[in-house]
Amino acid sequence: MRRRDALVLGGVVAAAVAVPPILRRLPSEFEFQSVTGIDGFRRLTGGSFSGGVDPFFGLGEGARPQHTEPLCASLFGPEGWSDKTVPVAFFTDANCPYCKDLEARLIALRDGGADIRLIWHEMPLLGASSMRHAQAILAARLMGAEEAARDLLSGRMLRPGPAALEELARTLDLDQDTYLETARSPRVEALITEGIALGRRLGIPGTPGTVIGRTVVIGAIKDADLQKLIDLERTTPQTVCV
């Protein structure tokens with residue numbers, strides 16, 4: 001084989017190897033579906049998600065917690081949706097590996113200046129450790145230290161028992177007794193129930209689930225599609241959260 005032919009062949013092979021990662025970064029053409037029973041919202045099926053065990057499975061529909069509150073307020077909080085900032089509601093579980101990756105990318109986007117506002121919803125469907133983590137995070141939320149608690153617990157699980165909560169409270173500079181009491185309170189239990197019910201209302205079967213503006217994304221989503229969705233929601237007039 002002549003040297004020039006070998007160089008050409010090498011270039012073709014190198015290009016073939018390089019194409020798949022490039023394609024993974026390119027945005028997709030979205031195919032939206034309407035969300036059953038919720039006018040104005042649409043659904044996009046993304047990548048992998050973690051399956052969870054519905055704690056109300058087998059109890060019948062009447063025994064399941066039903067979310068009946070105004071949807072936008074429940075999803076995005078009292079700040080709602082401004083014309084300049086796209087609200088992003090993130091449904092997460094501490095034992096969901098895809099959640100950790102997507103959460104880190106969302107935080108990086110926000111802290112890098114993207115026009116988004118992050119709101120977390122705990123959906124602990126993957127066991128007792130997920131529930132402990134959710135209780136710890138939500139207790140910190142009620143005491144004004146949610147993001148600090150999320151940062152501390154990122155990539156680690158909370159040990160069973162009060163000692164781990166006491167250590168977390170000390171690190172967060174929170175009163176230990178109040179923090180432990182809050183973590184076990186009916187208010188935290190209600191927030192977890194509301195998060196699961198809200199996810200069910202939106203048709204989110206497992207985590208991660210992300211609501212970017214009016215678009216419900218099921219599962220993981222690549223960076224290019226994430227940015228494309230944010231831009232789409234920011235530039236398209238919305239009437240669902242007014």
Say whether [X] and [Y] are linked into one hydrophobic cluster, either directly or through other cluster members, by side-chain heavy-atom distances under 4.5 angstrom.
X	Y	value
L142	M131	yes
L125	V216	yes
M143	I192	no
W120	L109	yes
L198	F76	yes

- Message: Between L191 and R187, is the side chain to side chain contact (heavy atoms under 4.5 Å, CB included) condition met? List the steps.
- Response: CA-CA 6 Å; L191 286 172; R187 179 57 182 145; 3.6 Å; yes
Between [atom1] of [X] and [atom2] of [Y], what distance do you get to the nearest 0.5 Å?
X	Y	atom1	atom2	answer
F90	L118	CZ	CG	9.0 Å
L138	H133	CG	NE2	10.0 Å
T215	L232	OG1	CG	6.5 Å
T85	I230	OG1	CD1	11.5 Å
T182	D177	OG1	CG	10.5 Å
I212	T210	CD1	OG1	6.0 Å

Any side-chain to backbone donor/acceptor pair from [X] onto [Y]? Under 3.5 Å, distance only.
X	Y	value
S154	D151	no
E122	P124	no
D93	T207	no
Y98	I221	no
R201	I38	no

Would you say the side chain of [Y] lies within less than 4.5 Å of the side chain of [X], judging by non-hydrogen atoms?
X	Y	answer
F41	V211	yes
L226	L102	yes
R214	T236	yes

- Message: My understanding is that only residues two or more places apart in sequence, or in another chain, count here; which of them pass side-chain hydrogen bond (donor to acceptor under 3.5 Å, both in side chains) with T92?
- Response: none
How close do [X] and [Y] get, counting heavy atoms only, and between which atoms?
X	Y	value
K84	D115	O-CB, 3.3 Å
A136	Y179	O-OH, 2.8 Å
F91	C99	O-SG, 4.4 Å
W81	G213	CH2-CA, 3.5 Å
A140	A149	CB-CB, 3.5 Å
Q135	V188	CA-CG1, 3.8 Å

- Query: Going by atom types only, do S74 and E194 share a side-chain donor-acceptor pair under 3.5 Å?
  - Reply: no
- Message: Within the 3.5 Å criterion, strictly below it, is a donor on D223 or Q227 matched to an acceptor on the partner's side chain?
- Response: no
- Decide yes or no on side chain to side chain contact (heavy atoms under 4.5 Å, CB included) for R43 and I218, but give the supporting numbers first. CA-CA 8 Å; R43 170 180 168 139; I218 307 299; 3.8 Å; yes
- Query: Does the pair R234 and D231 meet the rule for a salt bridge (charged side-chain N to carboxylate O under 4.0 Å, His left out), with working shown?
  - Reply: CA-CA 5 Å; R234 182 173 53 81; D231 293 341; 3.6 Å; yes
- Can L44 and D225 be said to form a side chain to side chain contact (heavy atoms under 4.5 Å, CB included), step by step? CA-CA 11 Å; L44 178 67; D225 285 349; 5.9 Å; no
- Task: Evaluate whether atom CD of Q176 has more than 12 neighbouring non-hydrogen atoms of other residues, nucleotides or ligands under 6.0 angstrom away.
- Result: yes
- Query: So with a 6.0 Å cut-off around CD of E181, is the heavy-atom count from everything else above 12?
  - Reply: no
- Partners meeting salt bridge (Lys or Arg N to Asp or Glu O under 4.0 Å) with R141 (sequence neighbours left out): E146
- Item | Trace of the side chain to side chain contact (heavy atoms under 4.5 Å, CB included) decision for R110 with I107 | CA-CA 5 Å; R110 182 198 63 185; I107 290 173; 4.0 Å; yes
Could you list the donor-acceptor pairs under 3.5 angstrom formed by side chains in residues 157-174, with sequence neighbours left out?
unit_1, atom_1, unit_2, atom_2, d
T171, OG1, E167, O, 2.9

